[in-house]
Amino acid sequence: VLIFSNIAMGQNNSDLLFKIQRSLDADEICYYINTTPSGRLDKEQPIKVLWTRYTNNGIKEPLTWIQENYSYGIEVVKVTDNAARFQFAAYSKRDLILKKDKNGNFKVFIKKDNDFAILNRVFIQIDGGTFWIPEITKVELHKTQPITNKALIETIIP
């Protein structure tokens with residue numbers, strides 16, 4: 001396994017778009033903005049996805065091939081200099097939009113019932129199952145309404 005430090009991976013907390021937390025442990029899957037030196041989205045990889053292994057001294061490391069292609073990875077559907085539409089590898093039923101917010105900062109927006117909110121965090125409750133087929137009992141999307149800054153939680157029961 002190839003291990004990277006924060007500095008080697010070129011990511012810091014100001015680049016963080018959102019994260020996935022799971023009930024299994026303290027480790028997180030973190031999604032970071034990836035821009036060119038001129039501030040435009042990197043068209044090849046607009047978002048970098050890395051584990052933060054708090055159970056291993058906070059080391060950051062890339063997803064495995066299986067994780068990238070079947071669970072926590074993303075599939076970019078469309079990308080321009082200033083926006084990208086993508087989906088999760090494990091769930092292609094909802095698009096997520098990476099674009100600048102009213103303050104000019106890149107954020108991830110998710111749509112529900114013709115209303116967009118900024119995605120901050122996803123929590124996945126896993127209660128058993130196997131590596132390939134975990135028993136997910138709920139998913140919480142922690143969001144912010146972009147105009148009012150009101151915190152929202154959308155709960156999905158699979």
Side-chain angles (χ1 to χ4, degrees), residues 1-6 9-34 41-42 45-79 83-99 101 105-146 148-158:
V1 171
L2 196 56
I3 305 294
F4 298 91
S5 71
N6 273 357
M9 295 304 289
Q11 303 304 316
N12 60 55
N13 283 340
S14 67
D15 295 333
L16 181 66
L17 295 166
F18 69 95
K19 58 189 170 183
I20 293 179
Q21 298 171 313
R22 305 160 312 134
S23 62
L24 297 177
D25 56 37
D27 295 343
E28 298 175 341
I29 304 94
C30 298
Y31 296 76
Y32 297 95
I33 185 71
N34 189 28
L41 288 179
D42 181 307
Q45 185 184 21
I47 299 171
K48 287 186 181 178
V49 185
L50 299 170
W51 278 102
T52 300
R53 298 286 190 179
Y54 292 110
T55 57
N56 191 7
N57 297 317
I59 291 174
K60 293 195 184 292
E61 60 186 27
L63 300 178
T64 65
W65 184 88
I66 291 171
Q67 293 164 343
E68 179 73 31
N69 290 283
Y70 292 101
S71 55
Y72 305 114
I74 61 168
E75 179 183 332
V76 176
V77 178
K78 183 178 180 182
V79 64
R85 183 166 48 102
F86 66 98
Q87 302 166 340
F88 286 109
Y91 191 79
S92 61
K93 295 180 183 178
R94 286 177 81 176
D95 286 345
L96 295 101
I97 309 294
L98 172 62
K99 65 179 184 174
D101 66 3
N105 300 311
F106 279 106
K107 301 289 182 185
V108 171
F109 291 80
I110 189 166
K111 182 179 178 182
K112 181 174 186 213
D113 301 329
N114 295 321
D115 194 24
F116 283 94
I118 297 169
L119 182 63
N120 303 308
R121 180 171 71 94
V122 177
F123 175 76
I124 302 173
Q125 181 68 43
I126 301 172
D127 292 316
T130 66
F131 173 80
W132 283 104
I133 306 173
E135 185 180 337
I136 297 172
T137 54
K138 79 174 174 178
V139 176
E140 293 177 350
L141 304 177
H142 293 254
K143 308 179 286 187
T144 303
Q145 204 288 333
T148 64
N149 286 328
K150 179 181 177 185
L152 307 168
I153 299 175
E154 177 185 344
T155 301
I156 301 169
I157 307 296

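Computed from a predicted model, the values in this text were never measured in an experiment. Worth knowing before you read on, the calculation uses all heavy atoms, side chains too, and leaves out hydrogens, waters and symmetry mates.
- Remark: Leu24 CG to Gln125 CD distance equals 8.5 Å, nearest 0.5 Å.
- Residues forming a side-chain hydrogen bond (donor to acceptor under 3.5 Å, both in side chains) with Thr137 (at least two apart in sequence, or on another chain): Asp127.
- Heavy-atom minimum distance, Ile136 versus Pro158: O-CG, 3.3 Å.
- One finds the CZ atom of Phe18 at 10.0 Å from the CG atom of Asn120 (value rounded to the nearest 0.5 Å).
- More than 12 heavy-atom neighbours from other residues, nucleotides or ligands sit within 6.0 angstrom of CD1 on Ile157.
- Scanning both residues, Leu16 and Cys30, for their nearest heavy atoms gives CD1-CB, 3.7 Å.
- Partners of Ala151 by side-chain contact (heavy atoms from CB on, under 4.5 Å), not counting sequence neighbours: none found.
- No side-chain heavy atom of Phe123 sits less than 4.5 Å from a side-chain heavy atom of Ile153.
- Put simply, OG1 on Thr52 and CD1 on Ile29 are 9.0 Å apart, with the number rounded to the nearest 0.5 Å.
- For Glu140, the salt bridge (charged side-chain N to carboxylate O under 4.0 Å, His left out) test picks out Lys138, with sequence neighbours left out.
- Pairs engaging residues 46-73 under the ring-ring contact (aromatic ring centres under 6.0 Å, His included) rule: Trp51-Tyr72, Trp65-Tyr70, Tyr70-Trp132 [sequence neighbours left out].
- From Asp101, atom CG reaches atom CD1 of Ile118 across 5.5 Å, with rounding to the nearest 0.5 Å.
- For the pair Phe86 and Val79, the minimum side-chain heavy-atom distance is 4.5 Å or more.
- Arg94 and Glu154 get closest at one heavy-atom pair: NH1-OE2, 2.7 Å.
- Residues satisfying the side-chain hydrogen bond (donor to acceptor under 3.5 Å, both in side chains) criterion with Asn149, sequence neighbours excluded, are absent altogether.
- To the nearest 0.5 Å, atoms CG (Leu17) and CZ (Phe106) are separated by 9.0 Å.
- With respect to the salt-bridge test (charged N to carboxylate O, under 4.0 angstrom), the residues Arg22 and Asp25 qualify.
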Please report the C-alpha distance between Leu41 and Ile33 in whole Å, then the side-chain angles of each, then the deciding distance to 0.1 Å, and finally whether the side-chain contact (heavy atoms from CB on, under 4.5 Å) criterion is met. CA-CA 8 Å; Leu41 288 179; Ile33 185 71; 3.3 Å; yes
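- Remark: Phe116 pairs with no residue by the ring pair (Phe, Tyr, Trp, His ring centres under 6.0 Å) rule, at least two apart or across chains.
- Nearest heavy-atom pair across Glu68 and Ala89 is O-CB, 3.6 Å.
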Would Phe88 and Leu96 count as a side-chain contact (heavy atoms from CB on, under 4.5 Å) if you check the C-alpha gap in whole Å, the side-chain angles of each, and the deciding distance to 0.1 Å? CA-CA 9 Å; Phe88 286 109; Leu96 295 101; 3.9 Å; yes
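- Side-chain N or O atoms of Asn34 include one that pairs as donor or acceptor with a backbone N or O of Gln45 at under 3.5 Å.
- Applying the salt bridge (charged side-chain N to carboxylate O under 4.0 Å, His left out) rule to Asp95 yields the partners Arg85; only residues at least two apart in sequence or on another chain are considered.
- The CG atom of Leu141 lies 9.5 Å from the CD1 atom of Ile20; values are rounded to the nearest 0.5 Å.
- Residues Gln87 and Tyr91 approach most closely at CB-O, 4.2 Å, considering heavy atoms.
- For the side-chain hydrogen bond (donor to acceptor under 3.5 Å, both in side chains) test, residues two or more places apart in sequence or in another chain that qualify with Gln21 are Glu28, Arg121.
- For Ala117, the side-chain contact (heavy atoms from CB on, under 4.5 Å) test picks out Lys143, Leu152, with sequence neighbours left out.
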Could you go through Ile66 and Phe131, starting from their C-alpha distance and side-chain angles, then the distance that decides it, and tell me whether this counts as side-chain contact (heavy atoms from CB on, under 4.5 Å)? CA-CA 11 Å; Ile66 291 171; Phe131 173 80; 4.1 Å; yes
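- Here the closest heavy-atom approach between residue Ile126 and residue Pro134 is recorded as CG2-CB, 4.0 Å.
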How far apart are the C-alpha atoms of Leu119 and Tyr31, what are their side-chain angles, what is the distance that settles it, and do they pass the side-chain contact (heavy atoms from CB on, under 4.5 Å) test? CA-CA 11 Å; Leu119 182 63; Tyr31 296 76; over 6 Å; no
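- Partners of Thr148 by side-chain hydrogen bond (donor to acceptor under 3.5 Å, both in side chains), not counting sequence neighbours, listed by chain and number: Gln145.
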